[in-house]
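Inspection log for the structure reproduced underneath, given as structure tokens.
No experiment lies behind these values; they were computed from the predicted model shown. Values reported hereafter were calculated over all heavy atoms of this structure, with side chains retained and with hydrogens, waters and symmetry mates removed.
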Amino acid sequence: METHRRSSINSVRSHKPARPIALEDDSTKASDALPLPLYLTNAVFFTLFFSAVYFLLCRWREKIRSSTPLHVVTFSEIVAILASVASFIYLLGFFGIDFVQSLVLRPSADVWATEDDEVESEVLLRNEDARHVPCGQALDRSIRSLQPPAPIVTAEKVFDEMPVTVMTEEDEEIIRSVVCGMTPSYSLESKLGDCKRAAAIRREALQRITGKSLSGLPLDGFDYESILGQCCEMPVGYVQIPVGIAGPLLLNGREYSVPMATTEGCLVASTNRGCKAIHLSGGATSVLLRDGMTRAPVVRFGTAKRAADLKLYLEDPENFETLACVFNRSSRFARLQSIKCAIAGKNLYLRFSCFTGDAMGMNMVSKGVQNVLDFLQTDFPDMDVIGISGNFCSDKKPAAVNWIEGRGKSVVCEAIINGDVVTKVLKTSVESLVELNMLKNLTGSAMAGALGGFNAHASNIVTAVYIATGQDPAQNVESSHCITMMEAVNGGKDLHVSVTMPSIEVGTVGGGTQLASQSACLNLLGVKGASKESPGANSILLATIVAGAVLAGELSLMSALAAGQLLKSHMKYNRSSKDVSKVSS
């Protein structure tokens with residue numbers, strides 16, 4: 001039997017086309033003619049060729065005008081002809097031959113297809129006695145050996161490449177069970193008790209079902225236990241986002257290195273330039289105006305009068321203390337601040353605002369709201385709770401109520417930039433910045449009907465800092481509400497710039513802030529975890545740093561626009577000639 005298998009394999013090999021053999025590049029190139037660097041040699045021959053051709057064309061034009069025969073040539077024309085021919089031969093040899101060889105010697109697709117067939121034939125011959133066809137095998141185009149003691153190597157065929165994954169026999173059975181639908185993918189963590197193993201099995205099953213490769217998506221090097229039940233469900237890997245540092249940002253007398261996770265070129269560099277301008281001008285000042293997370297349930301009554309009765313009850317100052325005691329039972333940090341109501345017919349929207357410590361506080365305020373709703377059912381049994389969130393909060397949506405009333409942390413940040421810094425660092429003038437800000441950020445945004453978008457690119461900085469520090473990136477919608485103001489001061493010599501942001505929603509505990517990478521970025525800023533001295537101090541500091549970074553980003557981008565440098569800088573830093581997919585593979 002073994003002899004028969006070997007002969008079969010040898011027969012397959014005998015029919016295999018010969019692989020293309022890389023020839024050693026020992027031939028002498030035309031560029032070796034001159035003892036100069038290659039780029040100088042190319043420049044010389046390019047110049048020689050075009051100069052000779054230009055000279056000959058000019059001479060021939062003169063001969064045509066003077067009716068002189070073209071075959072009558074002078075010594076200078078002979079030299080020009082020889083020079084053009086010699087340089088043409090060099091250029092053809094340098095650029096043309098390699099190109100033609102790459103077309104002639106390129107291996108055909110049949111060669112690679114035959115090599116793939118050989119690999120599959122060898123595996124098939126080696127495992128022909130132990131192969132089984134279980135449920136869902138039609139979706140699994142790979143061939144496995146099922147010898148119990150040895151690990152199984154799966155060679156999954158996909159269109160772009162063939163990743164190799166090592167699986168045990170038990171894992172292989174689970175993968176097949178997921179593929180044929182017998183085992184739900186979401187239950188792998190609870191069934192296996194190993195989050196990393198569950199992610200690997202889910203990933204392999206997904207590749208077999210879809211026929212698509214996930215080879216570029218990393219799997220190793222991540223703590224999947226840390227996201228179980230709180231950050232992400234059914235993981236198959238993680239996405240890598242580079243983190244850059246802008247700063248130092250001099251804010252309220254302290255320096256901060258601001259981490260920014262982004263894939264947009266120029267963003268970190270631009271913010272860094274703004275930080276430099278602020279630092280050279282003595283720093284920025286940031287002030288907290290409000291601090292309160294909101295949640296607004298919607299309830300319905302049989303009549304508008306009953307809805308109005310509840311509105312009057314909730315807004316009565318005499319009832320606030322009772323409602324606050326009920327609300328604050330949800331957490332040792334929760335402190336109810338206010339309840340504002342809005343009526344729409346017989347529907348009532350209740351906007352609760354509360355202090356949430358160092359947490360962003362959505363879950364905390366939701367639990368407090370639920371306590372109050374349960375309490376109100378006693379006096380208002382006809383109240384029908386439609387939803388604990390009625391969009392009057394308003395969360396993850398641009399809304400005037402957040403722009404006017406604020407949500408999360410409301411912060412204003414300002415700085416006075418010296419005129420010399422504006423000229424030397426920002427490469428523009430105070431007058432140009434003031435005029436551009438009025439026409440772009442104020443008038444232009446008003447023309448567009450902007451809601452909270454009276455700025456250049458606040459959301460760029462907010463999102464980058466949010467991703468780096470483990471915040472909810474979707475809350476960049478309302479957190480990026482910002483109005484940028486600029487005016488000339490000190491007799492027009494210096495620039496006063498400020499950003500007012502009424503709804504920065506951040507936290508330093510809970511959610512993604514506990515993940516290793518995000519926790520490291522929070523630690524860099526000195527705001528990791530909850531503040532032991534003063535509850536809420538770390539999240540407030542993080543909000544002021546976000547506002548300071550936005551101030552730096554606004555200052556730099558507006559300067560680039562005023563100086564006409566935006567396109568040039570993006571062409572320099574936001575364009576790459578590298579094929580990243582080839583580098584990663």
Side-chain angles (χ1 to χ4, degrees), residues 244 246-247 249 251 256 258-264 266-275 277-278 284-290 394-400 402-404 406-415 417 426 433 436-469 471-486 495-506 542-562 566 570:
L249 171 65
L251 181 66
Y256 301 95
V258 183
M260 302 175 67
T262 180
T263 56
E264 179 184 350
C266 275
L267 180 58
V268 178
S270 177
T271 307
N272 188 68
R273 183 175 76 150
C275 291
I278 292 173
T285 303
S286 190
V287 180
L288 180 74
L289 305 176
R290 279 188 301 260
S394 173
D395 186 41
K396 299 181 177 74
K397 290 165 284 293
N402 292 337
W403 177 243
I404 298 171
R407 189 171 193 257
K409 276 73 172 170
S410 299
V411 181
V412 60
C413 186
E414 65 176 349
I417 310 300
L426 301 178
L433 283 173
L436 178 63
N437 185 74
M438 180 187 68
L439 295 178
K440 171 182 168 63
N441 290 340
L442 304 182
T443 308
S445 297
M447 293 292 292
L451 181 59
F454 298 90
N455 57 81
H457 70 148
S459 62
N460 251 340
I461 291 87
V462 170
T463 304
V465 176
Y466 272 26
I467 294 175
T469 57
Q471 311 304 312
D472 188 344
Q475 289 185 322
N476 125 84
V477 175
E478 61 267 38
S479 296
S480 298
H481 281 182
C482 171
I483 182 169
T484 301
M485 303 292 293
M486 294 183 182
L495 175 72
H496 180 274
V497 56
S498 67
V499 292
T500 305
M501 306 179 70
S503 50
I504 301 178
E505 300 166 356
V506 293
L542 178 58
T544 59
I545 292 173
V546 170
V550 169
L551 181 70
E554 289 287 285
L555 187 61
S556 183
L557 176 58
M558 291 294 289
S559 299
L561 289 170
L566 179 65
H570 271 265

Within this structure, what is the [atom1]-[atom2] distance for the pair [X] and [Y], rounded to the nearest 0.5 Å?
X	Y	atom1	atom2	value
Asn272	Cys266	CG	SG	12.0 Å
Phe454	Asn437	CZ	CG	11.5 Å
Leu249	Leu551	CG	CG	8.0 Å
Asp395	Asn402	CG	CG	8.5 Å
His496	Leu433	NE2	CG	14.0 Å

Ser394 side-chain N/O to Ala399 backbone N/O, donor-acceptor pair under 3.5 Å:
no
Using a 3.5 Å distance criterion without hydrogens, assess whether the side chain of His457 forms a donor-acceptor pair with backbone atoms of Gly553.
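Yes, because the side chain of His457 sits within donor-acceptor range (under 3.5 Å) of the backbone of Gly553.
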Name the one of [options] that satisfies side-chain contact (heavy atoms from CB on, under 4.5 Å) with [X]?
X	options	result
Leu251	Thr285, Val258, Ile278, Ile545	Ile545
Glu554	Thr484, Val497, Ile461	Thr484
Ser479	Arg407, Lys396, Met501, Glu505	Glu505

A side-chain contact here means heavy atoms from C-beta on lying under 4.5 Å apart; do [X] and [Y] qualify?
X	Y	value
Met485	Leu442	yes
Ile483	Trp403	yes
Gln471	Val462	no
Leu555	Leu495	yes
Val411	Ser286	yes
Ser559	Arg273	yes
Val550	Cys482	yes
Ser503	Lys409	no

Yes or no on side chain to side chain contact (heavy atoms under 4.5 Å, CB included) for Met260 and Leu267, after CA distance, side-chain angles and deciding distance?
CA-CA 9 Å; Met260 302 175 67; Leu267 180 58; 3.9 Å; yes
Between Asn476 and Thr463, do the side chains contain an N or O donor and an N or O acceptor separated by less than 3.5 Å?
yes
Is a donor from one side chain sitting under 3.5 angstrom from an acceptor on the other, for Ser556 and Ser270?
yes
Walk me through it: do Met558 and Lys440 pass the test side chain to side chain contact (heavy atoms under 4.5 Å, CB included)?
CA-CA 9 Å; Met558 291 294 289; Lys440 171 182 168 63; 4.0 Å; yes
Taking all non-hydrogen atoms of both residues into account, name the closest pair between Ile417 and Ala277 and its distance.
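What the structure gives for the nearest pair is CD1-O, 4.1 Å.
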Would you name the heavy atoms of Cys413 and Ala284 that are closest together and state the gap between them?
SG-CB, 4.1 Å
Worked verdict on Ile504 versus Tyr466 for side chain to side chain contact (heavy atoms under 4.5 Å, CB included)
CA-CA 10 Å; Ile504 301 178; Tyr466 272 26; 3.6 Å; yes
For Lys397 and Glu478: C-alpha separation, side-chain torsions, deciding distance, then whether side chain to side chain contact (heavy atoms under 4.5 Å, CB included) applies.
CA-CA 6 Å; Lys397 290 165 284 293; Glu478 61 267 38; over 6 Å; no
